[in-house]
Student: 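The following block contains the structure, expressed as structure tokens.
Every number for a ligand or one of its atoms is a count from 1 in the order of the listing.
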Amino acid sequence: MESFFIQHPLFRQISQLVTEQNKEAYIIGGYVRDYFLKRQSKDIDIVVLGDGIQLAKKLAEQLPGSDFAYFKNFGTAMVKTADYEIEFVGARKESYNHHSRKPKVEPGTLDDDLLRRDFTINALAINLSAGHFGELLDPFNGLHDLHNKIIRTPGNPEITYSDDPLRMMRAIRFATQLNFIIEEQSLLAIKTEKERIGIVSKERITDELNKIILSPKPSVGFKLLFDTGLLALIFPELNKLYGVENVNGKSHKDNFYHTLEVLDNISEHTDNLWLRWAALLHDIAKPATKRYDVEQGWTFHGHEDKGSRMVPHIFRQLKLPLNEKMKYVQKLVLLHLRPIVLAKETVTDSAVRRLLFEAGDDIDDLMMLCQADITTKNEYKKIRYRNNFNLVKTKLKEVEEKDRIRNWQPPVTGELIMKTFGISPGKNVGIIKDFVRESILDGHIGNNYEEAYQLMLRKGHELGLHPC
Ligand code: CTP
């Protein structure tokens, strides 16, 4: 079996040390799984029967330039090389306390160790011991599940999930990343044990959410989160998008499935996590702004504005960064209707200029979001939107080339206004500055210093100010 695995000399080297120290050791977990999935992995986990720290220390001595660290209390050690992070840990048995994900740990056999793991695909072990080098141990048929694309727990799924409820998120995340199916008993167990997610930290939940969002087709994960009832617990605002209401035979579209379609659409074009978050949140305020009007039917007026204002609360709840990433998501949520509204009307230069000014460097991302938002099944409408949309794109390019508005600062600054009229900071400075900027954006005057200066003088005059 040796030939099919572990060509890397590092494993021979570890094996030699294992023999010298009269121990048993196995490569385990994600590295083995990823090897069979033909995915490159940097993290190698090695389970040792006996003292893993000694083994790691010796290895580090033989690898010049490597880092070595150990944690005596946990019996674990880490060797870091330029290419790999190798973690050594003693085989263990675990027993869980109901209120915590942190188990009580005792030394155990390899079988104990594999049984305590989350999924059969993560419970494969490769022997590094002399005489058995490269042999695969697969007590739970993990290889079969890998080939058949199945997520299954090695032990009773209710116990596996209840012991460590983060595994519910991991199951859904692996299913989404790898396009696997969660086996039926497991799925049922997640539904039964969902409330246990309450003992998991927000950071860890969000970490898994981000991995779902970064998967090739994130909707798979969100549908599973919704169907199992987890979504309502971890992300209630998104859960609320689900459902269709009907009044007098008129219904609106289901905003949950629409949002997922937009997220999948955008994921085909970008790996930018925050742009994908913007897609997930673009309609988040639709439930809060929904109204039925006898003449207009269903409306969601102001959902872009309210949605943008909901973003900080959601980011805080989910422990996402409250920095420029959040501001970027807020901005895209706020502006997400603008290009399409523009596309539905006659596309004037001034509207395009204004959009460019407000979106700045994020204009391309905004356009991508907007394009992903076209999910109508009506072919006629789709073609019309796309055509108008392309017109906006062309116009954007033209106006940008002509006026350079993208990172634009109006030619008349507050400083200049104060100096010209000999005034101190105050209301009038703002009035003049805004007026000049708006006049340029509206195309009433050209985007140049001379015209802006003249307009400043005129507006000042109107306000009773005189140049000094
Ligand atoms: N594991 C587990 N339960 C968890 C987390 C991890 O049983 N909640 C086990 C699994 O056997 C897993 C191994 O510990 O393969 C290593 O975990 P980790 O490095 O977190 O994840 P990987 O499986 O390597 O995958 P990824 O890096 O994609 O998270």
Student: Do Asp118 and Arg170 meet the salt-bridge criterion of a basic N to acidic O distance under 4.0 Å?
Tutor: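 Here Arg170 pairs with Asp118 in a salt bridge, since their nearest N and O are under 4.0 Å apart.
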Student: Which heavy atom of the protein is the closest neighbour of atom 3 (N) of ligand 1, given with residue, atom name and distance?
Tutor: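 Here the nearest protein heavy atom works out to Arg167 NE, 3.0 Å.
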Student: I need the atoms of ligand 1 closer than 4.0 Å to a non-hydrogen atom of Arg117, numbered in the order shown.
Tutor: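 Listed by number with element: 7 (O), 9 (C), 10 (C), 11 (O), 13 (C), 14 (O).
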Student: Under 4.0 Å from a heavy atom of Gly29: which atoms of ligand 1 are those, numbered in the order shown and with their elements?
Tutor: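 In order of number, 15 (O).
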Student: Is the gap between the ring centers of His336 and His303 under 6.0 Å?
Tutor: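 Yes; His303 has its ring centre under 6.0 Å from that of His336.
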Student: Using 4.0 Å as the upper bound for N to carboxylate O, is an ion pair formed by Lys393 and Glu398?
Tutor: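 So Glu398 does not pair with Lys393 through a salt bridge.
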Student: Would you call Asp83 and Lys42 a salt bridge, taking side-chain N to carboxylate O under 4.0 Å as the test?
Tutor: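 No.
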Student: Who pairs with Arg316 by salt bridge (Lys or Arg N to Asp or Glu O under 4.0 Å), at least two apart in sequence or on another chain?
Tutor: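 Not a single residue meets the salt bridge (Lys or Arg N to Asp or Glu O under 4.0 Å) criterion with Arg316.
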Student: Considering only NZ, NE, NH1 and NH2 on the basic side and carboxylate oxygens on the acidic side, decide whether Lys290 and Glu245 come within less than 4.0 Å.
Tutor: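 Salt bridge present between Lys290 and Glu245.
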Student: Give the atoms of ligand 1, by number and element, whose distance to some non-hydrogen atom of Lys211 is under 4.0 Å.
Tutor: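 Going through ligand 1 atom by atom, the ones under 4.0 Å from Lys211 are 29 (O).
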Student: Considering the heavy atoms of Asp45, write down every atom of ligand 1 situated less than 4.0 Å from one of them.
Tutor: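 Here the atoms of ligand 1 in question are 16 (C).
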Student: Kindly indicate whether atom 27 (O) of ligand 1 is approached by any protein heavy atom to under 4.0 angstrom.
Tutor: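 Answer no: nothing from the protein, no heavy atom, is under 4.0 Å.
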Student: Who's the nearest protein heavy-atom neighbour of atom 7 (O) of ligand 1, and how far?
Tutor: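 In this structure, atom 7 (O) of ligand 1 has Asp118 N, 2.8 Å as its nearest protein heavy atom.
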Student: I need the nearest protein heavy-atom contact for atom 12 (C) of ligand 1: residue, atom name and distance, please.
Tutor: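 So the nearest neighbour among protein heavy atoms is Arg170 NH2, 3.6 Å.
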Student: More than 12 heavy atoms of other residues, nucleotides or ligands under 6.0 Å from NZ of Lys382: is that the case?
Tutor: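 Check passes, neighbour count above 12.
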Student: Quick test: of every protein heavy atom, which one is nearest to atom 25 (O) of ligand 1, and how far off is it to 0.1 Å?
Tutor: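 The answer is Arg33 NH2, 3.3 Å.
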Student: Is the contact between Asp164 and ligand 1 made by the side chain, the backbone, both, or neither, using heavy atoms and a 4.0 Å cut-off?
Tutor: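 Just the side chain.
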Student: Please report whether ligand 1 has a polar contact with Arg39, defined as an N or O pair separated by less than 3.5 Å (distance criterion only).
Tutor: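 No, there is no polar N/O contact under 3.5 Å.
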Student: Please list, chain by chain and in numerical order, all residues satisfying side chain to side chain contact (heavy atoms under 4.5 Å, CB included) with Ala372, sequence neighbours excluded.
Tutor: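 Ala372 satisfies side chain to side chain contact (heavy atoms under 4.5 Å, CB included) with Val262, Asn265, Ile266 once adjacent residues are dropped.
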Student: Answer side chain, backbone, both or neither: which part of Arg173 comes under 4.0 Å from ligand 1, heavy atoms only.
Tutor: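 For Arg173, the contact with ligand 1 is made by the side chain alone.
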Student: Please state which protein non-hydrogen atom is closest to atom 24 (O) of ligand 1 and give its distance, to 0.1 Å?
Tutor: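 It is Gly30 CA, 3.5 Å.
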Student: Is any NZ, NE, NH1 or NH2 atom of the basic residue among Lys191 and Asp227 found under 4.0 Å from an Asp or Glu carboxylate oxygen of the other?
Tutor: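 Here Lys191 does not pair with Asp227 in a salt bridge, since their nearest N and O are not under 4.0 Å apart.
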